[in-house]
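Read the structure below first, then the notes.
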Amino acid sequence: MPTRSVRYLRVLIGVAWCAGLAWGQDTAEVSTKETAATFSAHVNIVTVPVVVRDRNSNPVSTLKKEDFLVFDNGKPQAIGRFTVEKNGVSARAPNPPAVTPPPDGAIPGEAAEKAPAIPDRFLAFIFDDLHLEFADLAQARKAVLPYLDPKNAGANTRIALFTTSGQNIVDFTNDLDKLRDDLNRIIPRHREFGSRGANCPPYISAYVADQILNKNNQSAIQAIITEEYACLGGPPPAIQPQQIEAEAQQVLSSSEMETHTTLGVLRNIVRRMSGMPGQRIAVLVSPGYLITTGFETELTEVINLAVRQNVVVNTLDARGLYTDATLDASRATYLSSVANTMQAFDRDDQLITGEVLGEIADGTGGTWFHNNNDLGEGFRRTTEAPEVYYVIAYSPGDLKNDGKFHKIKVALKDGKGFTIQARRGYYAPTKKTDEADQAKEDIESALFSRDEIHTIPVSVHTQFFKTTDTAAKLAVITHIDLAHLRLRKSEGRNSDDLVVVSALFDSNGNFVTANQETLQLRLKDEHLEARLKSGVTLKSDFDVKPGAYLVRLVVRDTEGQEIASTNGSVEIP
């Protein structure tokens with residue numbers, strides 16, 4: 001005896017078939033073509049996440065587009081897109097019903113009777129073991145443990161553990177035991193340089209090495225030589241500046257290699273998280289690191305990617321309160337006539353290497369927790385996205401594809417005592433991005449979100465049947481209401497092209513597969529009213545394994561450039 005849902009679908013199929021004959025559908029009026037569902041990000045407009053807080057550090061959520069001023073290299077800019085993002089409104093929405101009966105075109109099969117629990121929040125802890133000292137790392141590991149406790153980790157949250165060295169990585173999972181086990185295995189993996197001997201090793205930091213080699217700071221060389229004199233109790237046998245420069249080169253080369261590795265890891269993590277359907281938060285635990293000339297563009301690319309993919313990167317400076325580095329017993333620092341010079345270098349070193357954490361957080365709309373020993377409070381603040389933030393986008397009218405840095409300033413027309421956190425700048429692209437790339441970026445951003453947008457009314461329905469114990473056929477049926485489309489009249493036809501993407505994500509939020517079709521509408525006037533009333537139904541077939549899946553549907557039309565998206569879910573036993 002067929003189930004009620006199957007009988008219902010069979011009736012719909014019959015009605016739809018008869019309606020198609022009565023309507024006299026011309027296949028040339030509605031056609032589809034399947035295209036490869038590949039997604040890549042491109043820079044087209046400048047997107048600026050902005051967090052505004054009042055005098056009590058509470059987020060401000062009542063501002064409007066006209067309240068903001070944006071300057072690009074000092075020139076005022078016209079704000080294009082403007083949205084208010086409230087943490088938890090859409091990202092934590094309930095899972096959708098598993099079955100939504102379509103108006104036509106469905107096929108018989110088994111229907112899911114319950115909605116599986118699909119994750120909608122993804123939290124990545126990134127430990128910078130290439131730069132962290134053991135004491136700071138140990139404190140940070142201890143402070144993060146409460147967030148790996150089953151009592152605190154939400155059922156719809158998936159957590160990942162990454163390191164900048166690439167060791168002890170755990171991909172997004174709800175296996176908290178595995179996460180805790182690998183967390184305890186993380187150790188510092190940076191390389192130490194700058195030791196000439198066991199008794200009097202000169203300390204050359206990456207910052208000092210940069211001062212010597214790239215800033216031609218002769219006082220740094222003399223300060224290091226003088227420290228060695230004081231350590232040895234007298235002048236050593238002819239220490240030459242060239243020896244100091246050689247050691248500085250070794251230190252700087254190592255530092256730049258680790259910086260390149262760290263930025264590459266961050267980029268890959270952001271790309272990994274861009275495929276997660278929901279709220280995406282990364283927490284970078286680091287003491288900071290030096291960004292020398294040539295790495296600014298690489299840093300900006302990471303920030304741009306995170307902004308485009310809606311990945312908030314919060315940063316936590318694991319060093320805690322600022323302390324004078326010359327008081328560190330593990331450091332060989334000797335009293336000398338240039339002690340003040342070395343102390344000034346140490347202070348500048350800590351400030352500048354920490355600034356990169358602020359730049360990453362500000363640039364992605366995140367939180368920078370620093371100069372505070374309460375790492376527990378730090379993780380509390382950095383494991384959440386901003387409660388409320390604004391996303392401002394603008395297109396610089398005179399932007400040249402020259403790769404040069406542009407400084408961004410965001411202000412309020414009426415400051416009202418508010419503080420503003422926004423990205424500080426960006427590097428211009430080196431080539432122009434066309435409309436096709438913009439459309440692809442729009443679709444990609446919508447696909448890897450959990451937001452439902454109903455500018456074009458769409459519905460999604462799933463049906464499946466198992467072919468074996470370990471395999472199944474899943475049909476995703478999409479119905480699109482055409483009444484709200486902005487059709488273009490051309491050669492006696494009413495035209496529009498719709499890109500329809502249906503995608504599957506597994507129970508851990510991992511992207512599984514997607515199908516993309518282009519629906520071409522070329523409707524004759526005599527059939528227009530009937531087609532607008534009935535809409536169109538498409539079917540995408542997937543070969544899957546048993547399990548729980550989130551179904552994500554995105555539709556974008558060419559004429560109106562509108563985006564619609566909705567969610568479905570299915571569990572195949």
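Every value quoted in this text rests on a predicted model; they were computed, and no experiment measured them. For the numbers below, each heavy atom of this structure counts, side chains included, while hydrogens, waters and symmetry mates do not.
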Would you sort out whether S540 and N515 count as a side chain to side chain donor-acceptor pair (under 3.5 Å), showing the intermediate values?
-> CA-CA 7 Å; S540 296; N515 182 65; 2.8 Å; yes
Going by heavy atoms in the side chains, are L357 and L284 under 4.5 Å from each other?
-> yes
For residues 144-151, run the donor-acceptor check on the side chains, cut-off 3.5 Å, and write out each pair with its distance to 0.1 Å, sequence neighbours left out.
{"from": "Y147", "atom 1": "OH", "to": "R380", "atom 2": "N", "distance (Å)": "2.9"}
{"from": "D149", "atom 1": "OD1", "to": "K151", "atom 2": "N", "distance (Å)": "2.8"}

Using a strict 4.0 Å threshold on nitrogen-to-oxygen distance, state whether D497 and R522 make a salt bridge.
-> yes
Taking the side chain from D481 and the backbone from P457, do they hold a donor-acceptor pair closer than 3.5 Å?
-> no
What do the steps show when you test I480 against T478 for side-chain contact (heavy atoms from CB on, under 4.5 Å), and what is the final call?
-> CA-CA 7 Å; I480 306 172; T478 302; 3.9 Å; yes
Got L375 and Q139 here, is their nearest side-chain heavy-atom distance under 4.5 Å?
-> yes
Do V512 and F505 come close enough that some side-chain heavy atom pair is under 4.5 Å?
-> no
Have N168 and R185 got a donor and an acceptor in their side chains that come within less than 3.5 Å?
-> no
For G568 against L550, the heavy-atom pair lying closest together | O-CD1, 3.3 Å
Before giving the answer on side chain to side chain donor-acceptor pair (under 3.5 Å), spell out for S459 and H479 the whole-Å C-alpha distance, their side-chain angles and the decisive distance to 0.1 Å.
-> CA-CA 5 Å; S459 62; H479 181 74; 5.7 Å; no
Roughly how far apart are L485 CG and L498 CG, rounded to 0.5 Å?
-> 5.5 Å
Here the gap from D541 atom CG to K473 atom NZ, rounded to the nearest 0.5 Å, amounts to 7.0 Å
Got P573 and F464 here, is their nearest side-chain heavy-atom distance under 4.5 Å?
-> yes
Are R189 and E258 ion-paired here, with the side-chain N under 4.0 Å from a carboxylate O?
-> no
Taking every non-hydrogen atom, the tightest pair across A140 and F379 | O-CE1, 3.6 Å
Which is it for K539 and E517 under the salt bridge (charged side-chain N to carboxylate O under 4.0 Å, His left out) test, yes or no, and what are the steps along the way?
-> CA-CA 10 Å; K539 181 172 70 73; E517 292 182 292; over 6 Å; no
Could you walk me through whether Q167 and I187 pass side-chain contact (heavy atoms from CB on, under 4.5 Å), step by step?
-> CA-CA 9 Å; Q167 304 295 314; I187 60 173; over 6 Å; no
Measuring from E359:CD to T364:OG1, what's the distance to the nearest 0.5 Å?
-> 11.0 Å
Backbone N or O of N184 within a donor-acceptor pair of the R180 side chain at under 3.5 Å?
-> no
Residue pairs passing the salt bridge (Lys or Arg N to Asp or Glu O under 4.0 Å) test where at least one lies in residues 483-492, sequence neighbours excluded = R488-E559, K489-D525
Scan side-chain atoms only and decide if D496 and T558 contain a donor-acceptor pair under the 3.5 Å cut-off.
-> no
Of all the heavy-atom pairs spanning T367 and R381, show the shortest one and how long it is.
-> OG1-O, 4.3 Å
Side chain D181, main chain D177, donor-acceptor under 3.5 Å = no
Taking every non-hydrogen atom, the tightest pair across V313 and A306 | CG2-CB, 4.3 Å
If we ignore angles and hydrogens, is there a donor and acceptor under 3.5 Å between the side chains of H131 and S286?
-> no
Indicate yes or no: at least one non-hydrogen side-chain atom of L161 is less than 4.5 angstrom from one of I186.
-> yes
Donor-acceptor pair between N510 and R158 side chains, under 3.5 angstrom = no
Shortest non-hydrogen pair, G509 vs P119, comes out as N-CG, 3.6 Å
Indicate yes or no: at least one non-hydrogen side-chain atom of E298 is less than 4.5 angstrom from one of R267.
-> yes
Sub-4.5 Å side-chain heavy-atom contact between V536 and L519 = yes
Can you see which heavy atom on V311 is nearest to which on S274, and at what distance?
-> CG2-N, 4.5 Å
Crowding at NE2, H260 (>12 non-hydrogen neighbours, <6.0 Å) = no
Can you tell me how far CG of L266 sits from CZ of R271, rounded to the nearest 0.5 angstrom?
-> 12.0 Å
Between I159 and T173, is any pair of side-chain heavy atoms under 4.5 Å apart?
-> no
dist D317:CG -> W368:CH2 (nearest 0.5 Å) comes out at 7.5 Å
Parallel, tilted or perpendicular: ring planes of F172 versus F162, cut at 30 and 60 degrees = perpendicular
Mind running side-chain contact (heavy atoms from CB on, under 4.5 Å) on F82 and V391 for me, showing each step along the way?
-> CA-CA 6 Å; F82 178 86; V391 178; over 6 Å; no
T164 and D128: side-chain donor and acceptor closer than 3.5 Å?
-> yes
Would you please name every residue forming a salt bridge (Lys or Arg N to Asp or Glu O under 4.0 Å) with K545, sequence neighbours left out?
-> none
Any sub-3.5 Å donor-acceptor pair from N314's side-chain atoms to T382's backbone N or O?
-> yes
Measure the OG1-CZ distance between T262 and F295 for me, rounded to the nearest 0.5 Å.
-> 10.0 Å
Tell me yes or no: between the side chains of R552 and S565, is some donor less than 3.5 Å from an acceptor?
-> yes
For the pair R423 (side chain) and T47 (backbone), establish whether a donor and an acceptor sit closer than 3.5 Å, ignoring hydrogens and angles.
-> yes
Where do I281 and Q279 land on the side-chain contact (heavy atoms from CB on, under 4.5 Å) test, with the steps shown first?
-> CA-CA 7 Å; I281 304 168; Q279 185 188 88; 3.2 Å; yes
